[in-house]
Each structure stands twice: as structure tokens, then as C-alpha cells.
Amino acid sequence: MSDEGISALDGEIRDLMRFAARGSMLPRFQNLAEGEIEMKGEDDPVTVVDREVESFLTEALNKLAPGVPVVGEEAAHADESVLEHLSQQCWIIDPLDGTANFAEGKEPFGIIIALADAGHAVAGWLYDPISNRLCHTRAGEGAFVNGIKIAAKTTGQKPPVAAISKLFLDENQIAEVDLKIAPHYTLTDIPRCAAEQYPRLALGENDVSSFERTLAWDHAAGVLWLNEAGGKAARLDGSAYRVDQHGMPGLLGASSPAIWDAYAKRLTV
């Protein structure tokens, strides 16, 4: 991993993520004990690792930046008032992105941290513990993979590759995908892990991906990273993604603005 594009803060966050992964996450991968997985809702598992990593990162970030609140996925599930911090300067944590994969003993999974201010992400870190890959970004400074600045690239395939999940779509939305999208794209499934999906959109594996749920801990860092790489991530109407629009559905990411525009146009035909 190059230190060329790693600032002091990036190094601190990277080390925290590595420590959490090596201390809690990796030892329990494919080794969760009975009772270490619960269901928060339908198709929404939580494990002991989610809670351990969030607790550790929350405490560490409080020490790193005293007074800056932390919005963690599990804390927000327990107390929705935590979401009020999303409109101010705050840290946003997904302690185990891809929990469903992890609970099934499958990759990919990761850790996501974002720093936001006034409703917009200003920095983000997406960490893959298995490959030790760190994608990070700072607003206005570009996107990096393992310290090396990158530019988003398309797959180059015709038709373009669209990573689409129908998991959270209703019948009308599924019909719309089948009618307007499927004939014009090579469809592939999503990895069910935003820490993996956003890199796929910039590193030549996927061209476009749509998201129905747009929770801040899943998307704050990835949206900023993809945009800084020269791709495009925005609401379906073209407006910027805000972390404090927590319940608003619909988000589109693409490897280039042209591919984003073409996909969005098909949805309005």
C-alpha cells in the first residue's frame, strides 16, 4: 500500500479499520457461534461483530475528534434520534457492511466510515479486510485506492454492465427494470456490499448500479469517492446525494457521467 495519497487522518482511519477487522471481524469470519447472529428485521441480520466494531470505532473516533458526534448504524437502529446529527458535522459508520454475506460465511464485506458536514460527505473510507484494500477520498482532492490516485474507467463492454438488485423493489419497479433496462444492459447481481459495489463502478467491473435504499452509512463515503474518481453518483433526478435525507429512496451510480445520463434517461421514457 502506497503512502503517496495517505494523509495523517487517512492513516489514522486506516489503522483503526485494520485493528477492528483483525481483532473482531476476521477471527469470526466463517466462525460465528450460535446466538451471535440476530435479525433486526426481514432480511436484515446483525451480528456480534457489527456491535463490537461499532463500539470500538465510536470510542476511537470520539478520542480522535472530541465533540464530533458519531452516527453508527446500530446506534441509529437502537435510537433514531441519533440521525439528527446527520445535518451537522459528524462521523458516519457502517461497522460491518455486507452483514448478510458475513453471516453466511461469504465475501464481500467491509467497513465504511465517512466524515460529513452540513448534510454532505467531505471524506470517506471503504475498507476490504480480506484484500486489505482501502478506497478513500477527500472532497475536491480526488479518489484513491491504497494511496494511489485513480480515475474511474468503464468496463468497455457493449451493452454496458448494470448491477441491479430487485431485493427492495416493488412489483411495478421490477416491471420497469424488465421493460426499460434489461433489454439494453448486461445485467449482473449486486454484491450486497456497498464497500465493494462502489469500487466495482470505478475499477472497470460494473458500469452502472441503482440503489433503492440510500442509508447514509451505506452510501455517504461511496458516493463521494465515485464522484471524486470522475464517475457519477446522484439522485435519480440528478440532484446531489445528502446524508441527512435518510429515508429518501433512489440513487444511481455509474462509471461515467455519460453512462449515468443514458441510464437515467431510459427510466423516464
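The chain is numbered in sequence order, starting from 1. Owing to the predicted nature of the structure, the values given are computational and were not obtained by experimental measurement.
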Report yes if the side chains of [X] and [Y] come closer than 4.5 Å at any heavy-atom pair, otherwise no.
X	Y	result
I150	W225	yes
M39	V46	no
S55	T58	no
L226	W260	no
R200	P191	yes

With no hydrogens and no angle check, is any side-chain donor or acceptor of [X] less than 3.5 Å from a backbone partner on [Y]?
X	Y	result
D44	K40	no
T137	G142	yes
E36	A33	yes
N227	A233	yes
D207	T155	yes
T99	L96	yes
D50	T47	yes
D97	A195	yes
S24	A20	no
N62	P69	no

Exercise. So with a 6.0 Å cut-off around NZ of K153, is the heavy-atom count from everything else above 12?
Worked result: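 Atom NZ in K153 is not crowded, with 12 or fewer foreign heavy atoms closer than 6.0 Å.
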Exercise. Are S209 and N206 close enough that a side-chain donor and a side-chain acceptor fall under 3.5 Å?
Worked result: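 No.
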Exercise. Under 3.5 Å, is there a donor-acceptor pair linking the side chains of T214 and R235?
Worked result: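 Yes, side-chain donor-acceptor contact under 3.5 Å.
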For this session: Could you pull out the closest heavy-atom pair between P129 and G110, with the gap in Å?
Result: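 Distance-wise, the nearest heavy atoms are CD-CA, 3.8 Å.
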Problem set entry | Exercise: identify the closest heavy-atom pair between G230 and A152 |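 Residues G230 and A152, closest heavy atoms: C-CB, 4.2 Å.
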Report yes or no: do [X] and [Y] belong to one cluster of Ile/Leu/Val/Met/Phe/Trp/Tyr joined by side chain heavy-atom distances under 4.5 Å?
X	Y	value
L236	Y185	yes
I190	Y198	no
V122	L134	yes
L187	L201	no
L252	I164	yes

Less than 4.0 angstrom from a charged side-chain N to a carboxylate O is my criterion; do [X] and [Y] meet it?
X	Y	value
E73	R51	no
K149	E141	no
E52	R28	yes
E196	R133	yes

For this session: Give the intermediate values and the outcome of side-chain contact (heavy atoms from CB on, under 4.5 Å) for residues I181 and L267.
Result: CA-CA 8 Å; I181 301 302; L267 293 178; 3.9 Å; yes
For this session: Could you label the plane-to-plane angle of the H136 and F144 rings as parallel, tilted or perpendicular, counting under 30° as parallel and over 60° as perpendicular?
Result: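 Answer is parallel, since the angle falls under 30°.
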Exercise. Can you say whether the rings of Y241 and H219 are parallel (under 30°), tilted (30 to 60°) or perpendicular (over 60°)?
Worked result: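 Answer is perpendicular, since the angle exceeds 60°.
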For this session: Determine, step by step, whether I93 and L61 satisfy the side-chain contact (heavy atoms from CB on, under 4.5 Å) criterion, reporting the C-alpha distance in whole Å, the side-chain angles of both residues, the deciding distance to 0.1 Å, and the verdict.
Result: CA-CA 10 Å; I93 300 174; L61 293 173; 3.7 Å; yes
For this session: For side-chain contact (heavy atoms from CB on, under 4.5 Å), just list the numbers for D117 and Q88, CA-CA rounded to whole Å, side-chain angles, deciding distance to a tenth of an Å, and then say yes or no.
Result: CA-CA 5 Å; D117 195 9; Q88 63 188 88; 5.7 Å; no
Exercise. Step by step, would you call R138 with E228 a salt bridge (Lys or Arg N to Asp or Glu O under 4.0 Å)?
Worked result: CA-CA 8 Å; R138 297 178 294 277; E228 287 289 325; over 6 Å; no
Exercise. Hey, mind stepping through I13 and L64 against side-chain contact (heavy atoms from CB on, under 4.5 Å) and telling me if it holds?
Worked result: CA-CA 10 Å; I13 300 298; L64 183 64; 4.1 Å; yes
Exercise. Are the aromatic rings of H246 and W217 close, with centres under 6.0 Å apart?
Worked result: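 So the answer is yes for these two rings.
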For this session: Step by step, work out the ring pair (Phe, Tyr, Trp, His ring centres under 6.0 Å) result for Y127 and F109.
Result: CA-CA 9 Å; Y127 181 61; F109 54 88; over 10 Å; no
